[in-house]
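A note on names: the letters A, B, ... follow the listed sequences, proteins ahead of strands, and every chain is numbered from 1.
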Protein chains: 2
Amino acid sequence: MRSYGQYCAAARALDVVGDRWSLLIVRELLLRDCRFADLRTGLPGIATNLLTDRLRALEGAGVLERHAAPPPVATVLYRLTDRGRALEGVLAELALWGVADMARGAEGDVVCGHWVALAAPVMFRGADLAALAPLTVALDAEGTAITLTVEPDGIRAALGAPEGPADVHLAGTMHAVMGTLLGAPGAEGLAQVDGDREALRRLAARSTAPLGLRG
Amino acid sequence: MRSYGQYCAAARALDVVGDRWSLLIVRELLLRDCRFADLRTGLPGIATNLLTDRLRALEGAGVLERHAAPPPVATVLYRLTDRGRALEGVLAELALWGVADMARGAEGDVVCGHWVALAAPVMFRGADLAALAPLTVALDAEGTAITLTVEPDGIRAALGAPEGPADVHLAGTMHAVMGTLLGAPGAEGLAQVDGDREALRRLAARSTAPLGLRG
DNA sequence: CTGCATCCGCTTCGATACTG
DNA sequence: CAGTATCGAAGCGGATGCAG
């Protein structure tokens, strides 16, 4: 990206990650290490040459590293460095601000279930969940498995099904799953809930998301 | 901006503020309401047509409002809405991440003293300042007056000189001022300090900034 | 002066085709 | 699968002009 040429902390950050697509690449890599093809499917619409350019630029800036994967995969994996992982706060704040826009639904937008893993922790940031923890929620958003771990001071999200048994299972479209987590009226009817329904309801009641889906 | 077309909270946010310059416009307006010309000087390098475009887009997105200023000014002021002010967290996280880049100095970059008002609170986020508060620091960064108010759980920054007397006065280039606030070795010699030098030193010792300037 | 429109050269983006 | 090459479209930056 063309530098803003300003001696300002925010502008310096945007010099590195302010390019179109750059922060969304970081979003994907925050959830898991990715191959080139994984990034393509997680970033629907990106041109391959742009993805190549961005990966090179972010590698040059020390945000991510190319990593030769062991024999079973036998290809290059892209992985965030510590410096890149430090962008988690930026993505979280963006997601927090953007959640208000999610109420209007997906409309024509592409939906990937794994994006819930970014939004879910954000919707409960600062919430007091001590009375609920420990709690394991197994999500199935648009067919993608995500495990939410409710801890006293927040929620952690990981891709994949939980290793042990889950207290609640919540499945449905991304909109239904998010709405249910936020306790939006009517949302629970759109999703499929199994297990400790009541714990899920108490969790939703403690959401700190700013507006929007909670209607 | 062309929409990413993704039903993801972060992508939805970037649909609104992901354009070049957009977040920097918000940065300026977080510090004060601005006229068109104020924005131009606070955003060195922006083309006037782009500024016009961005202002219209952000107004349409509900991020800012045009506001007819009373007779003494007699022009339009641009002001953030509540929705726009909610972007403070995004700017703060960006600044936090970008502070690490400030160590290499301004090089050829334009410097505006008022940008310190964004960085200063960020450099002490989460710090325990109870032993220091209340403390008022009068900054003069590149000739721009900024008031830092040290409170038990963090620092607030405002443009302009303090209303009452300040405990410490700190003046110098932006690099020197930031370095002194962070306790970078040698930085204090580059800045001019008057008043409670020791309080300033104790403040610097509690900075939570992640690296960089602290050397 | 303020706020904006218009023009132009250049860079970047997006879509698709193609190669190792 | 992991990119590279290409090309038209869109966006950016800078200069200039102009109405209120």
Side-chain angles (χ1 to χ4, degrees), chain A residues 1-6 11 14-25 28-29 32-61 64-79 108-110, chain B residues 1-6 11 14-25 28-29 32-61 64-79 108-110:
Chain A
M1 143 167 288
R2 186 191 174 93
S3 168
Y4 286 107
Q6 301 181 5
L14 290 172
D15 281 346
V16 177
V17 296
D19 262 323
R20 189 162 165 78
W21 294 109
S22 291
L23 279 172
L24 295 186
I25 291 172
E28 292 300 308
L29 292 172
R32 69 216 182 284
D33 295 346
C34 289
R35 294 168 301 175
F36 192 89
D38 299 327
L39 289 168
R40 280 189 68 178
T41 62
L43 299 166
I46 195 172
T48 56
N49 58 343
L50 274 194
L51 181 51
T52 300
D53 288 351
R54 295 292 180 271
L55 288 172
R56 257 198 260 286
L58 291 172
E59 184 188 4
L64 57 81
E65 286 172 343
R66 296 167 55 98
H67 190 267
V73 185
T75 183
V76 174
L77 278 186
Y78 294 92
R79 171 176 303 179
D109 289 359
V110 177
Chain B
M1 142 168 284
R2 187 192 170 91
S3 168
Y4 286 107
Q6 301 181 5
L14 290 171
D15 283 345
V16 177
V17 295
D19 262 322
R20 187 161 166 79
W21 294 110
S22 291
L23 279 172
L24 295 186
I25 291 172
E28 292 300 310
L29 292 172
R32 69 215 182 283
D33 297 346
C34 289
R35 294 168 300 175
F36 192 87
D38 300 327
L39 290 167
R40 280 190 69 177
T41 62
L43 300 165
I46 194 172
T48 57
N49 57 345
L50 273 194
L51 180 52
T52 300
D53 288 352
R54 294 292 180 272
L55 288 173
R56 255 198 259 288
L58 292 172
E59 185 188 3
L64 56 81
E65 285 173 342
R66 296 165 57 97
H67 190 266
V73 186
T75 183
V76 174
L77 280 185
Y78 295 91
R79 169 176 302 179
D109 289 358
V110 177

I need the [atom1]-[atom2] distance between [X] and [N], as an integer number of Å.
X        : N       : atom1 : atom2 : result
Arg35(B) : dC4(C)  : CZ    : C1'   : 16 Å
Tyr4(B)  : dG14(C) : OH    : P     : 8 Å
Ile25(B) : dG3(C)  : CD1   : P     : 13 Å
Leu43(B) : dG3(C)  : CG    : P     : 14 Å
Ile46(A) : dT12(C) : CD1   : C1'   : 13 Å

With a 4.0 Å cut-off on N to O distance, would you call Asp53(A) and Arg56(A) a salt bridge? no
Side chain of [X] only, please: which of [options] is the nearest?
X        : options                   : answer
Thr48(B) : dT16(D), dT4(D), dT2(C)   : dT16(D)
Tyr78(A) : dC1(D), dC4(C), dG3(D)    : dG3(D)
Arg54(A) : dT12(C), dG14(C), dG14(D) : dT12(C)
Leu50(B) : dT2(C), dG13(D), dC13(C)  : dG13(D)

Is any side-chain nitrogen or oxygen of [X] closer than 4.0 Å to OP1 or OP2 of [N]?
X        : N       : value
Arg40(A) : dA15(C) : no
Trp21(B) : dC12(D) : no
Thr75(B) : dT2(C)  : no

Decide yes or no, distance alone: a donor-acceptor N/O pair under 3.5 angstrom between the base of [N] and the side-chain of [X].
X        : N       : value
Thr52(B) : dA5(C)  : no
Asp53(A) : dT12(C) : no
Asp19(B) : dG11(D) : no

For Tyr78(A) and Arg35(A), test the side chains for any donor-to-acceptor distance below 3.5 angstrom and give the result as yes or no. no
DNA chain D: 5'-proximal contact among Arg2(A) and Arg56(A) (nearest heavy atom): Arg56(A)
Taking for each residue the nucleotide of DNA chain D with the nearest heavy atom, is it Leu55(A) or Asn49(A) whose nucleotide lies nearer the 5' end? Leu55(A)
Non-hydrogen side-chain atoms of Leu24(B) and Ile46(B) separated by less than 4.5 Å: no
Taking atom CG of Leu43(A) and atom OH of Tyr4(B), what is their separation to the nearest 0.5 Å? 9.5 Å
Rounded distance [0.5 Å steps], CG in Asp38(B) versus OG1 in Thr75(B): 9.5 Å
With a non-hydrogen cut-off below 4.0 angstrom, is Ala37(A) in contact with a base, only sugar-phosphate, or nothing? sugar-phosphate
Across the strands shown, which category fits Arg20(A) at heavy-atom distances under 4.0 angstrom: base, sugar-phosphate, nothing? sugar-phosphate
